[in-house]
There are 2 protein chains.
Amino acid sequence: MSKTYSISELAAEFDVTTRSIRFYEDQELLRPARRGQTRIYSSQDRVRLKLTLRGKRLGLSLAEIRELFELWDETRRGSEKQLHLMLEKIGERRAALEQQMKDITMVQLELESAEIRCRQALEELNQKQTDEERARASG
Amino acid sequence: MSKTYSISELAAEFDVTTRSIRFYEDQELLRPARRGQTRIYSSQDRVRLKLTLRGKRLGLSLAEIRELFELWDETRRGSEKQLHLMLEKIGERRAALEQQMKDITMVQLELESAEIRCRQALEELNQKQTDEERARASG
DNA sequence: AAACAAGTTTACGTTAACGTAAAGATGTCT
DNA sequence: AGACATCTTTACGTTAACGTAAACTTGTTT
């Protein structure tokens, strides 16, 4: 008996609504078991949800994420053609990730220099203020 | 006279539609000059467009991008409060970028191991095939 | 002048990813 | 039993980011 989860447990853990989780199932990203009509999520399902959210944070659409899941599943009993297709998709994803890494690096540099500029501007403001105070004290 | 660009030049260079560029202007991400009713883009505008697209690739909404632009503009004649606000926003963005870096690293690792599994599966397929051929040759 | 290219405004249409509300089933506590 | 809490399905509403089409202006080529 490995651990299972209710929909609201997962919703709380990953900070998403139950509506979203059901929607992901509707989009065939999840396939939880049922006890009666109630959904029961295995730790496998939990992993899939985690991967889904991670993919979303990287800007993937639900359709793209689903495609990756499907390809991955097909890999096990995969024909040669499907394996090559999978490798192709993997290559595309890795290229996109590298572009994203570059983007992030650029933006990080920009934010860093922006922060420096801000701090300098603050220093100048403080300097002006102390100048004024000194002028008043010695006036 | 520094260089200027037409809308379709920029559209071609960055591979977006003119519709999108006009939409970004509508959302106040761009403020091109006009000659008559025709838009004329400066190299400043070009930079803004580039930053906009980069932000989009990182999953920012147009509203978020606009907010960053506005804060950045306000930094020049910024009051102390606005400077602190800017620093706060910069901090948020940098934190988000770090999370994204982690996500990317995780996914890269997963893709890498997926690729390895694919290649191994292919090797096994090839191995089986050469086995069969040898069996036929020696049968 | 006529036609063509490139630009414009206006406005309705579309898709993804949920939000929100209604109405009912199921199990649990008092 | 009754009143909760949690779950369910169904279905219409919403927002962002454009697509697409129509009708018009402006400059350029034939």
Side-chain angles (χ1 to χ4, degrees), chain A residues 1 3-42 45-46 48-70 93 96 100 103, chain B residues 3-42 45-46 48-70 93 96 99-100 103:
Chain A
M1 287 279 157
K3 183 158 195 200
T4 64
Y5 308 83
S6 76
I7 191 169
S8 48
E9 277 175 340
L10 289 185
E13 176 176 358
F14 293 110
D15 194 31
V16 292
T17 63
T18 60
R19 174 69 175 94
S20 296
I21 295 180
R22 293 197 192 96
F23 184 71
Y24 298 157
E25 178 178 351
D26 197 58
Q27 302 300 302
E28 302 184 70
L29 294 172
L30 300 172
R31 296 186 193 281
R34 299 262 179 156
R35 195 181 58 198
Q37 69 173 357
T38 302
R39 278 165 253 251
I40 300 180
Y41 297 86
S42 68
D45 294 321
R46 205 187 81 118
R48 281 229 164 178
L49 179 55
K50 188 191 286 193
L51 290 175
T52 298
L53 297 176
R54 189 178 287 156
K56 284 206 62 181
R57 284 199 299 269
L58 296 181
L60 299 200
S61 71
L62 298 183
E64 289 171 318
I65 295 170
R66 175 190 163 184
E67 191 187 17
L68 286 174
F69 283 168
E70 282 178 355
R93 274 290 127 227
Q100 244 177 320
D103 285 337
Chain B
K3 180 154 195 203
T4 64
Y5 308 83
S6 76
I7 192 170
S8 49
E9 277 175 340
L10 289 185
E13 176 176 357
F14 293 109
D15 195 31
V16 293
T17 63
T18 59
R19 174 70 176 92
S20 296
I21 295 181
R22 293 197 193 95
F23 184 71
Y24 298 156
E25 178 179 350
D26 198 57
Q27 302 301 302
E28 302 185 68
L29 295 172
L30 300 172
R31 295 186 193 282
R34 298 263 179 155
R35 195 182 57 199
Q37 70 173 355
T38 303
R39 277 164 254 251
I40 299 182
Y41 296 86
S42 67
D45 294 322
R46 204 187 82 115
R48 282 231 164 177
L49 179 55
K50 188 191 284 192
L51 291 175
T52 299
L53 297 176
R54 188 178 287 155
K56 284 207 61 182
R57 284 200 299 269
L58 296 181
L60 300 199
S61 71
L62 298 184
E64 289 171 318
I65 296 170
R66 175 189 162 185
E67 191 187 18
L68 286 175
F69 282 169
E70 282 178 354
R93 274 291 128 226
Q99 174 61 47
Q100 244 177 321
D103 285 336

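A note on names: the letters A, B, ... follow the listed sequences, proteins ahead of strands, and every chain is numbered from 1.
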Report summary line: Applying salt bridge (charged side-chain N to carboxylate O under 4.0 Å, His left out) to A:Arg35 and not counting sequence neighbours gives none

Report task. Heavy atoms of chain A, cut-off under 4.0 Å: which first and last nucleotide of DNA chain C, 5' to 3', fall inside that, if you could look? Result -> C:dA17 to C:dT20

Requested in this report: Give me the one residue out of B:Arg34, B:Arg31, B:Arg66, B:Arg19 that meets salt bridge (charged side-chain N to carboxylate O under 4.0 Å, His left out) with B:Glu25.
Outcome: B:Arg34

Report task. Could you go through the side chain to side chain contact (heavy atoms under 4.5 Å, CB included) check for B:Phe23 and B:Leu62 one step at a time? Result -> CA-CA 10 Å; B:Phe23 184 71; B:Leu62 298 184; 3.5 Å; yes

**Report entry** Candidate pair B:Arg22 and B:Thr18, rule side chain to side chain contact (heavy atoms under 4.5 Å, CB included), full reasoning
**Finding:** CA-CA 6 Å; B:Arg22 293 197 193 95; B:Thr18 59; 3.5 Å; yes

Report summary line: Between A:Arg35 and A:Tyr24, the residue closer to the 5' end of DNA chain C by nearest nucleotide is A:Tyr24

Query raised in the report: Can you list the steps and then say if B:Phe69 with B:Leu29 is a side chain to side chain contact (heavy atoms under 4.5 Å, CB included)?
Result: CA-CA 8 Å; B:Phe69 282 169; B:Leu29 295 172; 4.0 Å; yes

Query raised in the report: How far does the helix from C:dA1-D:dT30 to C:dT30-D:dA1 bend, going by the axes of its first and last five pairs, to the nearest 10°?
Result: 10°

Report task. Specify the closest pair of heavy atoms between B:Ala11 and B:Ile21, including all atoms of both residues, with the distance to one decimal. Result -> N-CD1, 3.7 Å

**Report entry** Taking every non-hydrogen atom, the tightest pair across B:Ile65 and B:Thr52
**Finding:** CD1-O, 3.5 Å

Report summary line: Nearest heavy-atom contact between A:Tyr5 and A:Ser42 is CD1-O, 4.1 Å

Query - Validation row: A:Leu49, A:Tyr24 side chains within 4.5 angstrom (heavy atoms) - result: yes

Output one line per pair: protein atom, nucleotide atom from nucleotides 6-8 of chain D, and distance, for all N/O pairs under 3.5 Å.
{"unit_1": "D:dC7", "atom_1": "OP1", "unit_2": "A:Ser6", "atom_2": "OG", "d": "3.3"}
{"unit_1": "D:dC7", "atom_1": "OP1", "unit_2": "A:Ser8", "atom_2": "OG", "d": "2.5"}
{"unit_1": "D:dC7", "atom_1": "OP2", "unit_2": "A:Ser8", "atom_2": "OG", "d": "2.9"}
{"unit_1": "D:dT8", "atom_1": "OP1", "unit_2": "A:Arg39", "atom_2": "N", "d": "2.7"}
{"unit_1": "D:dT8", "atom_1": "OP1", "unit_2": "A:Arg39", "atom_2": "NE", "d": "2.8"}
{"unit_1": "D:dT8", "atom_1": "OP2", "unit_2": "A:Arg22", "atom_2": "NE", "d": "3.1"}
{"unit_1": "D:dT8", "atom_1": "OP2", "unit_2": "A:Arg22", "atom_2": "NH2", "d": "2.7"}

Query raised in the report: To the nearest 0.5 Å, what is the distance between NZ (B:Lys50) and CD (B:Glu13)?
Result: 7.5 Å

**Report entry** A:Arg93 and A:Leu60, any side-chain heavy atoms less than 4.5 Å apart
**Finding:** yes

Query - For DNA chain D, the residues among residues 53-70 of chain B that have a non-hydrogen atom under 4.0 Å from it - result: B:Lys56, B:Ser61, B:Leu62

Query raised in the report: Listed by chain and number, what are the salt bridge (charged side-chain N to carboxylate O under 4.0 Å, His left out) partners of B:Arg57, not counting sequence neighbours?
Result: A:Asp103

